[in-house]
Amino acid sequence: MEERFIPLGKSFYKQPTLQLAKALLGCTLVKESEEGISAGYIVETEAYMGPEDRAAHSYGNRRTKRTEIMFGEHGIAYTYVIHTHCLVNVVSGPLEKPEAVLIRAIEPLSGVELMKKRRGMEDLRKLTNGPGKLTKAMNINMGDYGRDFSQPPLYIAPGYVPENISSGPRIGIDNSGEAKGYPWRFWVAGNSFVSR
DNA sequence: GCACAGATACGCT
DNA sequence: GCGTATCTGTGCA
């Protein structure tokens with residue numbers, strides 16, 4: 001399994017967050033480690049629009065140790081621990097604009113055996129169809145906080161261009177007032193690896 | 001299918 | 001110190 005992936009350059013992350021969320025669909029998320037390389041197509045994302053978005057950690061420009069990274073440069077990894085799991089975001093927007101795109105699901109592409117081993121299960125469909133699942137499968141954790149997505153060991157490479165993209169309300173933000181209705185969740189239509 | 005417990009970093013009192 | 005969070009696995013119907 002000697003596949004090579006070429007990271008997308010910094011300029012890719014310059015586009016507006018909502019557009020980036022859609023552009024990321026079909027791209028390849030790659031993580032290299034001592035155990036080997038694992039990669040998968042991104043099939044589901046969510047946009048978090050910073051100050052105006054009640055569901056975002058950076059709502060109202062709340063700047064803390066955790067959200068600090070979102071105020072910085074685009075194309076950086078924002079990893080976040082919740083309960084027993086870890087989630088990964090791509091920081092978007094220009095400096096001082098705390099926007100981000102959450103990666104919710106991927107379709108296993110490379111290093112599948114490694115993912116199965118890390119997840120401790122065989123069911124391909126359930127391997128990475130959720131934000132906490134894919135991070136475990138790809139061994140993404142707080143050690144990846146602040147990592148640059150345009151170079152190894154954690155990066156995003158071109159993949160395929162999805163035929164159809166669907167959008168709808170985001171998930172897991174019930175206590176976020178009217179923001180929970182915003183259709184800022186995007187997924188590859190018809191792909192069975194999306195979370196729900 | 002649905003409800004529920006799990007177990008951790010962080011922000012607020 | 002305590003309550004909350006961009007969730008998941010499990011147990012039961």
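Quantities reported herein were computed from a predicted structural model and do not represent experimental measurements. Basis for what follows: all heavy atoms, side chains included, without hydrogens, waters or symmetry-related copies.
- Base engagement by A:Tyr78 is indicated by at least one non-hydrogen atom pair under 4.0 Å involving a base atom.
- Between the side chain of A:Ser33 and the backbone N or O of A:Gly36 there is at least one donor-acceptor pair closer than 3.5 Å.
- Within 6.0 Å of the NZ atom in A:Lys22, the count of heavy atoms belonging to other residues, nucleotides or ligands does not exceed 12.
- Applying the ring-ring contact (aromatic ring centres under 6.0 Å, His included) definition to pairs two or more places apart or across chains, those involving residues 127-183 of chain A are A:Tyr41-A:Tyr160, A:Tyr182-A:Trp184.
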Polar atom pairs (N or O), protein with nucleotides 9-13 of chain C, under 3.5 Å:
{"from": "C:dG9", "atom 1": "OP1", "to": "A:Arg119", "atom 2": "NH1", "distance (Å)": "2.8"}
{"from": "C:dG9", "atom 1": "OP1", "to": "A:Arg119", "atom 2": "NH2", "distance (Å)": "3.2"}

Counting primed atoms plus P, OP1 and OP2 as sugar-phosphate and everything else as base, spell out the protein contacts along nucleotides 7-13 of chain B at 4.0 Å heavy-atom distance: B, S or - for each nucleotide, 5' to 3'. BB-SSS-
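- Contacts of A:Ala100 with the nucleic acid, taken as non-hydrogen atoms under 4.0 Å apart, are absent.
- The distance from the CG atom of A:Leu24 to the CD1 atom of A:Ile106 is 13.0 Å, given to the nearest 0.5 Å.
- The nearest whole Å value for the distance from the CD1 atom in A:Ile103 to the P atom in C:dC7 is 15 Å.
- Helical stems in DNA chain B, defined as runs of 3 or more consecutive Watson-Crick or G-U wobble pairs with both donor-acceptor distances under 3.5 Å, are listed by first residue as B:1-6 with C:7-12, B:8-12 with C:1-5.
- For A:Asn164, the side chain to side chain contact (heavy atoms under 4.5 Å, CB included) partners at least two apart in sequence or on another chain are A:Ala189.
- For A:Pro153, the side chain to side chain contact (heavy atoms under 4.5 Å, CB included) test picks out A:Glu32, A:Arg147, with sequence neighbours left out.
- Other residues, nucleotides and ligands contribute over 12 non-hydrogen atoms within 6.0 Å of the NZ atom of A:Lys10.
- Remark: side-chain polar atoms of A:Glu107 are not paired, donor with acceptor, to backbone N or O of A:Val43 under 3.5 angstrom.
- Remark: side-chain polar atoms of A:Thr45 are paired, donor with acceptor, to backbone N or O of A:Ala21 under 3.5 angstrom.
- A:Arg170 places its CZ atom 15 Å from the C1' atom of C:dA5, with the value rounded to the nearest Å.
- Put simply, CD on A:Glu44 is 13 Å from C1' on C:dC7, counting in whole angstrom units.
- Ion pairing between A:Arg54 and A:Glu178 fails under the 4.0 Å rule for side-chain N and carboxylate O.
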